Each structure stands twice: as structure tokens, then as C-alpha cells.
Amino acid sequence: MVATRHVSVKDGDLLLLVGTTKGLFVLKSDRRRSGWEGGGPHFPGTAVYALAYDARSGRRRLWASTHSFHFGAVLQTSDDFGKNWTPPEASTVKFPADSGLSLKQIWQIRPGRPDEPDVLYCGVEPASLFESRDTGQTWSLVRGLHDHPHRPRWEPGGGGLCLHTILPDPSDRRRIFVGISTGGVYRSDDGGRSWQARNRGIRADFLPDKHPEFGQCVHKFVQHPARPERLFLQNHWGLYRSDDRGDSWQDVARGVPSDFGFAMAAHPHDPDTVYIAPLESDLFRCTPEGKLRAYRTRNAGRSWEPLTRGLPQRDALETILRDAMAVDSLDPAGVYFGTRSGRVYGSKDGGTSWSLLREGLPPVVCVKAAVVGEPRKPRRAVRVAAARARRRPKPGRSRAGARKR
């Protein structure tokens, strides 16, 4: 068995958690991000599809969802950056006996809001949401979504019937969004007791009715805390923005080689900046034209620019999966993605230039970034950022027009 290498971590270090189909790898750098030390594999031979880092209430906890053919999907934690892991004595994320369902996969681990330090969420297959209010010691099924009348008509996507995206609204503790393939976007405004489909304007090209109430194969969507009413979404064919918390969506696929893809990430400081990784099509899920390119918008989707410096532009038929793109919280922001060929790329200048951080890994399915010991952003700083964002001209309106108003 391969030996697991551990990294030594101190305050200020940047961690890149890389989940693969054969284990977890931990990359470490300092804030300059000029060199990277590699650790792992943790859980060698085991698929790791979901990861999270929880720094609330002084914790330094890694979360990993491991999946094996023998034991199924299990959540494991480490409070010493992977030197020791604490698997539960029994699976704590499990369906009630009366549901008639069994857990197939954990696709997402999401810590709750900063002012709810004991709350966590899990998105699983078959598509359901679980919540913990005791730092993950126990989990309960969110019945409001599980018992939704649409559920019998949700269909599995290529990766199964999975709940893969969870966004607790930073401006309203009662509101939470989830993404389901194939069900679409659902939003709760009452803490999870009831849910409404929020897919108006999103296409479902594979259905006879191209714009149904639900049934869209949503791949990923993101939100910025400074503009919580705005969402960006990568669909199974389609790139969208909502300015009304998902009540309606508009197409923003301007200047991209394909509007098919999986990965999407929001800039940590600028609510107008979002990153994607387009793929050729649903039948050929590789980078268009054999060029490895991330794309960036800095004007909320009015236009997109290819980011190519340092990335191979010939014979690079790569695939970037749903959770395989991440950003750090430094300034300038770091952007990272992993490929199914086992390569990890990073940018320390907001995507303008890239370097190969690691290669030779198993297929990469999940990438998360975290700064260790990072102080929590004061509420005043969040409010100031939100106020600045509100003063910016809305997409499609000129600055001159904004001044006239």
C-alpha cells in the first residue's frame, strides 16, 4: 500500500483539497503561492467526491465524503489536517426507514452561515438534503424537500439523481437554494419547511417542453455575499444569471465557445466576476477545439474572456467536473481547477495566468481552497462591500445612464 505523506500546516498557509476517484490529496502553499507542497493520498483507493473546510468557532476541521463499494458513502473528519481521521462508528447520514430509500453518494458538504457555527448541510443521492445542528454529530433529513410533490417526476442525470449544490442565503437565515440533477433549482424561504422550483427561463433541451417548471439538469450555480439577490448558473446547455433570487433567469452565454459545462466559481471579492470551464457538448465532454481554457466575466455576464496564459492550447482534450473548480480568499484571488486526467492548475492573479501545480493524480472530482487561520470578515466589511456593489451600474446599463438616474 502506498504511504500517505502529511503536510505541516501553520497559520496563513493556503490549502488546496483535491478529491479524486482514488483518494484525497492536500496541497499546501504560503500566501505568495509561488511553490506547493503535496500530501496524500488519504483514503487510498477510495473515491472522495465531496470536501469542505470548516473554520467557524476556531475549528480547523476537514470534512471528506469517502465512498467505497464495500462500505458505501461515509463522512469523515480531521482536526489536524489529515494526520488522523475520525470515521463514525456507523453512518450518520442515512434515510429514515419509512422513506424506502438508501444512501448512494454524498455529493456536497456545506458549512452553514458564519453566525450558525454548528450548522452543516449535505447534498446526497438520491436527491435529498440533510442538515446537522450539532457540528455533524447527527443529521436529519429535510422533509420539506424530500416530500415535495415534484420528487416522483425527478429523473437521474448522467451522474445519478443527485443534490449537488447548496447555497444558504447570506442575507436571510430562512432562505436556502439547492440544485438537483435533474430537477433544477429549488428555493426555500421558510428554513426548509417548503420549497418552490425556481427555473423560469432555464432550458431543458432534452425534454419535449424546453422550458418546464422543473426537470432542468442544473450543473452548478453560485452566489456572492455582496449581491445575494444575484445568481449565476451553468446548465446542461445554457449559461444564466438571475437578479431576483432565482425567480427568473436570463441567458448570458455571450462569447463562449460552448454553453455546456459543469464547473463554475464566483470571485471572492468582486460580485461581477465569475469563472467557468466550457466543454464541447453533452456527447463529447471535453474542452472545445482541444484548448484548455477557463473563461471569466468581469461585468456580470455581459461578456466573457478566455484565460489561456500558461494553459495548453493544443491537443488538450480535458474535462473539468462540477466541483473541480475553486477560488481562495486572498487578494489577488487564486483560482484553481482539476481535470479528469489528474492535473491541477492554479492562478494567483485572478485567472490572468496559470501554472501546473500537480500532475499524475487519479481523476480529479473535487477541489476546495482554504486559508488557515484566516480571520472572519467583520460584518461591517460585508455591508460596505454590499453597498459598493449596489452602487455599481446594473448589467446592460451604461455608467452615463446610471448617473442620470
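Every heavy atom of this structure was used, including side-chain atoms; hydrogens, water molecules and symmetry mates were not. Computed from a predicted structure; not experimentally measured.
Although no hydrogens or angles enter the test, the distance criterion places a donor-acceptor pair under 3.5 Å between the side chain of Asn235 and the main chain of Trp237. The closest donor-acceptor contact from the side chain of Glu280 to the backbone of Cys286 lies at 3.5 Å or more, if one exists at all. In this structure a side-chain-to-backbone donor-acceptor pair under 3.5 Å is present from Ser258 to Leu279. Although no hydrogens or angles enter the test, the distance criterion places a donor-acceptor pair under 3.5 Å between the side chain of His269 and the main chain of Leu330. Listed for the Asn199 side chain is a donor-acceptor partner under 3.5 Å among the backbone atoms of Val185. The backbone N or O of Pro117 sits less than 3.5 Å from a side-chain atom of Arg59, completing a donor-acceptor pair. Using modelled atom types, no side-chain atom of Trp354 and backbone atom of Val335 make a donor-acceptor pair closer than 3.5 Å. Proximity of a side-chain donor or acceptor of Arg285 to a complementary backbone N or O of Phe262 within less than 3.5 Å is not detected. With hydrogens and angles ignored, the 3.5 Å screen pairs a side-chain donor or acceptor of Arg296 with a backbone N or O of Gly350.
For CZ of Arg340, the number of neighbouring non-hydrogen atoms (other residues, nucleotides, ligands) closer than 6.0 Å is 12 at most.
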Output, in order, the C-alpha distance, side-chain angles, deciding distance and verdict of side chain to side chain contact (heavy atoms under 4.5 Å, CB included) for Asp205 and Asp282.
CA-CA 11 Å; Asp205 284 346; Asp282 51 358; over 6 Å; no
Would Asn84 and Thr86 satisfy side chain to side chain donor-acceptor pair (under 3.5 Å), going step by step from the backbone distance to the final call?
CA-CA 7 Å; Asn84 297 281; Thr86 307; over 6 Å; no
Can you list the steps and then say if Thr339 with Val364 is a side chain to side chain contact (heavy atoms under 4.5 Å, CB included)?
CA-CA 5 Å; Thr339 71; Val364 176; 5.8 Å; no
Test salt bridge (charged side-chain N to carboxylate O under 4.0 Å, His left out) on Asp30 and Arg32 and set out the steps.
CA-CA 5 Å; Asp30 58 24; Arg32 294 173 297 176; 2.8 Å; yes
Please lay out, stage by stage, how Leu129 and Trp195 fare under the test side chain to side chain contact (heavy atoms under 4.5 Å, CB included).
CA-CA 12 Å; Leu129 180 67; Trp195 296 79; 3.9 Å; yes
Apply the test side chain to side chain contact (heavy atoms under 4.5 Å, CB included) to residues Arg110 and Leu167: give CA-CA distance (whole Å), side-chain angles for both, the deciding distance (0.1 Å), then the verdict.
CA-CA 8 Å; Arg110 175 74 188 224; Leu167 294 181; 3.6 Å; yes
Please list every donor-acceptor pair under 3.5 Å in which a side-chain atom of residues 41-53 meets a protein atom from a residue at least two apart or in another chain.
unit_1: His42; atom_1: ND1; unit_2: Gly82; atom_2: O; d: 3.4
unit_1: His42; atom_1: ND1; unit_2: Trp85; atom_2: NE1; d: 3.4

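A salt bridge links Asp247 with Arg198: the closest approach of a Lys/Arg side-chain nitrogen to an acidic carboxylate oxygen falls below 4.0 angstrom. At a threshold of 4.0 Å, the pair Asp54-Arg61 does not count as salt-bridged, since none of the basic side-chain nitrogens sits closer than that to a carboxylate oxygen. Salt bridge Arg203/Asp251: present, at least one basic N to carboxylate O contact under 4.0 Å. Salt-bridge check for Asp272 with Arg230: passed, with a basic side-chain N closer than 4.0 Å to an acidic carboxylate O.
For the residue pair Pro225 and Pro170, the shortest heavy atom distance occurs at CA-CG, 3.7 Å. Nearest heavy atoms, Leu207 versus Gly215: CD1-O, 4.0 Å. The two residues Ser65 and Ile109 have their closest heavy-atom pair at N-CD1, 3.8 Å. Heavy atoms only, all atoms of each residue included: Ser329 and Val371 are closest at OG-CG2, 3.5 Å. Here the shortest heavy-atom pairing between Cys162 and Ala127 reads C-CB, 3.9 Å. Heavy-atom minimum distance, His67 versus Lys104: NE2-O, 3.1 Å.
Aromatic ring centres of Phe232 and His224: separated by at least 6.0 Å.
The side chain to side chain donor-acceptor pair (under 3.5 Å) pairs that include a residue from residues 14-28 are Lys28-Glu37, where partners are two or more places apart or lie in different chains. The salt bridge (Lys or Arg N to Asp or Glu O under 4.0 Å) pairs that include a residue from residues 146-159 are Arg143-Asp147, where partners are two or more places apart or lie in different chains. Under the salt bridge (Lys or Arg N to Asp or Glu O under 4.0 Å) criterion, the residue pairs touching residues 207-223 are Lys220-Asp323, with sequence neighbours excluded.
A donor-acceptor pair shorter than 3.5 Å can be found between the side chains of Tyr186 and His150. Looking only at atom types and distance, the side chain of Ser242 has a donor-acceptor partner in the side chain of Asp244 under 3.5 Å away. Inspection of the Gln313 and Thr308 side chains reveals no N or O donor paired with an N or O acceptor under 3.5 Å.
Only one option out of Trp36, Tyr336, Phe337 pairs with Tyr345 in a ring-ring contact (aromatic ring centres under 6.0 Å, His included); it is Phe337. Considering Asp118, Leu120, Val119 as possible partners of Glu116, the one that fulfils the side-chain contact (heavy atoms from CB on, under 4.5 Å) test is Val119.
Considering only residues two or more places apart in sequence or on other chains, Asp172 meets the side chain to side chain donor-acceptor pair (under 3.5 Å) condition with Arg174. Scored by the ring pair (Phe, Tyr, Trp, His ring centres under 6.0 Å) test, His146 finds no partners at all (sequence neighbours excluded).
Rounding to the nearest 0.5 Å gives a distance of 9.5 Å between OG1 of Thr92 and CD of Gln137. From Arg254, atom CZ reaches atom OG of Ser303 across 9.0 Å, with rounding to the nearest 0.5 Å. Rounding to the nearest 0.5 angstrom, the gap separating the OH atom in Tyr240 from the CG atom in Leu233 is 8.0 Å. To the nearest 0.5 Å, the span separating CZ on Arg33 from CG on Asp328 amounts to 5.0 Å. Once rounded to the nearest 0.5 Å, the distance linking OG of Ser341 with CD of Glu359 reads 9.0 Å. Note that the CZ atom of Arg175 and the CZ atom of Arg245 stand 4.5 Å from one another [nearest 0.5 Å].
The shortest side-chain heavy-atom distance between Pro126 and Phe95 falls under the 4.5 Å cut-off.
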